[in-house]
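Letters go in sequence order (proteins before strands), and every chain restarts at 1.
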There are 2 protein chains.
Amino acid sequence: MAVTLADVAARAGVSAATVSRVLNGNYPVAGTTRSRVLRAVEELEYVVNGPASSLAAATSDLIGVLVNDIADPFFGIIAGGVQSRIAPVDAPDGRGRKLAVVCTTGGSPEQELTYLTLLQRQRAAAVILTGGAVEDPAHQAALAAALRRIERAGARVVLCGRPPLTPPVAGDEGGTEGEAPEADTAVAPDGTEVPLPRAVDLPHPACLAFDNRGGARALTEHLISLGHREIGYLAGPAERTTTRHRLEGHRAALDAAGLTDGAGDRVVHGRFDRDSGYGGARELLRRFPGLTAIAAANDTVALGACAALREAGLRVPEDVSVTGFDDLPFAAEAAPALTTARLPLHEAGARAGLLALGVEEPPPGGVTVVGTELRVRASTAPPPSGPRPARAG
Amino acid sequence: MAVTLADVAARAGVSAATVSRVLNGNYPVAGTTRSRVLRAVEELEYVVNGPASSLAAATSDLIGVLVNDIADPFFGIIAGGVQSRIAPVDAPDGRGRKLAVVCTTGGSPEQELTYLTLLQRQRAAAVILTGGAVEDPAHQAALAAALRRIERAGARVVLCGRPPLTPPVAGDEGGTEGEAPEADTAVAPDGTEVPLPRAVDLPHPACLAFDNRGGARALTEHLISLGHREIGYLAGPAERTTTRHRLEGHRAALDAAGLTDGAGDRVVHGRFDRDSGYGGARELLRRFPGLTAIAAANDTVALGACAALREAGLRVPEDVSVTGFDDLPFAAEAAPALTTARLPLHEAGARAGLLALGVEEPPPGGVTVVGTELRVRASTAPPPSGPRPARAG
DNA sequence: CCCGGAGTAGAAAGCGCTTACTACGGTGTG
DNA sequence: CACACCGTAGTAAGCGCTTTCTACTCCGGG
């Protein structure tokens, strides 16, 4: 029914092999033959049959991108970064251009696994996993197994915005990998040396790990430097690595300032959305009436918190300071503009795209730490009573 | 190298045909055989070769989604809506799940055509085009031709958020289609009857047309009803249908109120981004110092305008009212919260997904008008001097 | 007891492409 | 002048799956 290679070949008076070679340009073809073939292609409006081509060549032009929610700008921006590299707009025609298969997992490990299988089935050339991981060891193990299977099938695997996989409890692969998983260290953007776990599970790991700890720590340190002593924290879902790392950074800042409260953390867990910020802030206010600042798990949560504060008759930042995380575009436009930690999401996505294409090689160990940058804006200020000396020794 | 159907068949002691039938479930297989096959599949970790399957069955599980920019929540939300239907999370395993190939076109017709070819090559089951179209007749014709080719290749075509294709100047298809392209009418959400052009170019059109005219008109009417008489308009790129339709709605409201100024429109064209809003608002202020309201092409532009106004020492809405369009999530969180026209983007995307799957049939004529809903928030108020009667007769 | 029809499974012919491998002029060299 | 070799192009064997057609077994009814 559709036009095939053979039709083009017949029209051009050559063999199918020649047409294929002209189209793929990986074999010398005489100029006159080439132009005759190209004319036939034009005239017949021939379009290659991708599946057939993928079957024969055992490759495909698809790159899977797993995201929690494509409607969330956090992931949209990463996906945009990926696309900018795997399908540059200036590429002539569509030659060599890869297609992004965007899979919305809702952050569920089961969905991740399902999509991973689906992508393997499509013989995707690469798979990019974004978003924090769920910490459940069983899930980690299942995920590692799925990724190993995918790599074995010839696809590249890139982790973007999530830490390397945690090592499996038992070496169920027979231990044929030679490399011992020593803990490396890396220098974080703020100059401190941080332990760098290696993506030990994957033969060919490529991992862009966001420095969530460092960013959160910088934000809370900023609050402390403004004079805040009672700082609430609106954490994300407890089971996510991102949540844990940001919370760790927050606590590290508190610890370093000697602000660890005997009464326990001023932390409320929720999700990464606005409503969680709203509800969480209300709960924080109720439980810790003396709060002068709230650090939120991300910008969206921070916005919800601001709304709750306003509703409670509190001004931001005059009465309560608020910080976000990520620096999504709306953070700068919010009222007040959010103090936050900028994550270069587009750049990270672009880098992930390059790693997925194999254009760029991951560093030894596979892990690159993507740093954050503190963005001080209008949502933070000294506490109402002005800076006061810390009472704790 | 990889596990194939034949391997599974051998292990289960059946023929490849039987394995295929078990996996596809479209042919009766005895229970015992089925479970033997499934066990072999499990044991060998067999994953179907998608390209091979697509080649043999002449179908694929891919659905193309063309967007201007996936990092823009406008498109992200539509894409999310699409995904919610083509890959519902509650679907068992991954059975019957389609994959979304998201293609970022930057709004360029050339990129659209390139991606359309790439998707046709992948033998995508359907293609969803989002975002307004460029009005250039040459592009429209080329696009129509490409879409017709895609339909002929067996894929469904869905237009989401753009008007039906304009008819080609010449009937280059030989006029074999029986249907005469009569102009239908439809009842818009506000009760008025609007002309409804048919997607005459496509044999099987499915088009979700956003009511940009109606939404823009409602916004400007709202401003007029508050007492505004000098209303600036920050339009999008002149060549886009979306821009034109929103501008038409704006002007219709002005006309109806007798506010059409002999001095010409208070309109500045730009893009659909924040910087355009910022720069455009500055220009509007310079050229029309008496403005008391600015209607923006969309929420993002409105935000930029708000920033420019603030910078100029003008308060929103006390000195100048501002309206957006789309009602993206951040619109409600902005300061002040934006008065805007809500477009049900997620729902539209979901609907597009259903149309793409063929689960839902388009109405006769193919065009469904997606209405907007006025959202009055804090960015609009009566003009500084208070409501005054219109002077014009 | 024989035959027809379910019900189930296998054989085999592709689907349209890629890619060894082979073939065949034409040129340069010993 | 024969030989080798390069530059091109054709032949044909798959790639792994779906699906039609055929075949076999087992029943129940005549």
Side-chain angles (χ1 to χ4, degrees), chain A residues 1-38 40-41 44-62 95-96 118 120-125 153-154, chain B residues 1-38 40-41 44-62 95-96 118 120-125 153-154:
Chain A
M1 173 177 175
V3 180
T4 72
L5 248 204
D7 298 330
V8 176
R11 174 136 196 159
V14 298
S15 72
T18 300
V19 177
S20 169
R21 297 201 264 247
V22 168
L23 260 22
N24 294 311
N26 49 12
Y27 196 87
V29 174
T32 57
T33 313
R34 141 172 275 103
S35 53
R36 213 153 18 109
V37 168
L38 290 178
V41 167
L44 296 176
E45 292 191 331
Y46 172 66
V47 175
V48 181
N49 183 318
S53 162
S54 287
L55 172 57
T59 63
S60 90
D61 290 339
L62 301 177
R95 301 193 64 72
L118 252 21
Q120 183 183 347
R121 164 188 302 210
Q122 296 291 337
R123 298 299 187 258
Chain B
M1 177 180 171
V3 180
T4 72
L5 247 204
D7 298 331
V8 176
R11 173 136 195 158
V14 299
S15 71
T18 301
V19 176
S20 169
R21 297 200 263 247
V22 168
L23 260 22
N24 294 310
N26 49 13
Y27 195 89
V29 174
T32 57
T33 313
R34 139 172 274 104
S35 52
R36 213 152 17 110
V37 167
L38 290 178
V41 167
L44 296 176
E45 293 191 331
Y46 172 67
V47 175
V48 181
N49 182 316
S53 156
S54 288
L55 172 58
T59 63
S60 90
D61 289 340
L62 302 177
R95 302 193 62 73
L118 252 20
Q120 183 184 348
R121 164 188 303 207
Q122 295 292 337
R123 299 299 187 257

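When the side-chain hydrogen bond (donor to acceptor under 3.5 Å, both in side chains) test is applied to A:Ser15, the partners found at least two apart in sequence or on another chain are A:Thr18. B:Arg11 pairs by the side-chain hydrogen bond (donor to acceptor under 3.5 Å, both in side chains) definition with B:Glu43, not counting sequence neighbours. Considering only residues two or more places apart in sequence or on other chains, A:Gln120 meets the side-chain hydrogen bond (donor to acceptor under 3.5 Å, both in side chains) condition with A:Arg149. Residues satisfying the side chain to side chain contact (heavy atoms under 4.5 Å, CB included) criterion with B:Ser60, sequence neighbours excluded, are B:Ser54, B:Leu62. With sequence neighbours excluded, no residue satisfies side-chain hydrogen bond (donor to acceptor under 3.5 Å, both in side chains) with B:Thr33.
Here C:dT19 presents its C1' atom at 15 Å from CG of A:Leu23, a figure rounded to the nearest Å. Protein atom CZ of A:Arg21 is 6 Å distant from nucleotide atom C1' of D:dA9, rounded to whole Å. When rounded to the nearest whole Å, the span between CD of A:Gln122 and P of D:dC17 equals 13 Å. What separates CZ of A:Arg34 from P of D:dA9 is a distance of 10 Å, to the nearest Å. The interatomic distance linking B:Leu44 (CG) with D:dG16 (P) rounds to 14 Å, in whole Å. The distance from atom CG of A:Leu5 to atom P of D:dA12 is 17 Å, rounded to the nearest whole Å. Taking atom CZ of residue A:Arg123 and atom P of nucleotide D:dC17, one finds them 7 Å apart after rounding to whole Å.
Of the two residues contacting DNA chain C, namely B:Leu55 and B:Ser15, the nearest-nucleotide position lying further toward the 5' end is that of B:Ser15.
Listed here is the closest heavy atom pair of B:Leu23 and B:Tyr46: CD2-CE2, 3.6 Å. Considering every non-hydrogen atom in both B:Pro51 and A:Leu55, the closest pair reads CB-N, 3.9 Å. Among all heavy-atom pairs drawn from B:Ala12 and B:Val37, the shortest one is CB-CA, 3.9 Å. Closest heavy-atom contact between B:Val48 and A:Arg123: O-NH1, 3.4 Å. Between B:Asp7 and B:Ala2 the shortest heavy-atom distance is OD2-O, 3.8 Å.
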Tabulated below should be each protein N or O lying under 3.5 Å from an N or O of nucleotides 23-27 of chain D; please produce it.
none

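The list of salt bridge (charged side-chain N to carboxylate O under 4.0 Å, His left out) pairs with a residue in residues 52-62 of chain B, not counting sequence neighbours, reads B:Asp61-B:Lys98. Pairs of residues two or more places apart, or lying in two chains, never qualify as salt bridge (charged side-chain N to carboxylate O under 4.0 Å, His left out) while including a residue from residues 13-35 of chain A.
OP1 or OP2 of C:dG10 lies within a sub-4.0 Å distance of a side-chain N or O belonging to B:Thr18. Considering only side-chain N and O atoms, B:Ser53 lies under 4.0 angstrom from the phosphate OP1 or OP2 of D:dT18. In this structure, A:Thr33 reaches the D:dA9 phosphate: one of its side-chain N or O atoms is under 4.0 Å from OP1 or OP2.
Within 4.0 Å (heavy atoms only), B:Ser54 reaches no atom of the nucleic acid at all.
Of the candidates C:dG16, D:dG10, D:dT18, the closest approach to any side-chain atom of B:Ala57 belongs to D:dT18. Nearest nucleotide to the side chain of A:Val14, out of D:dG10, D:dC17, D:dT19: D:dG10.
Rounded to 10°, the helix from C:dC1-D:dG30 to C:dG30-D:dC1 has 50° between the axis fitted to its first five pairs and the one fitted to its last five.
In the region residues 24-31 of chain A, proximity to DNA chain D at under 4.0 angstrom, judged on heavy atoms, holds for A:Tyr27, A:Pro28, A:Val29, A:Ala30.
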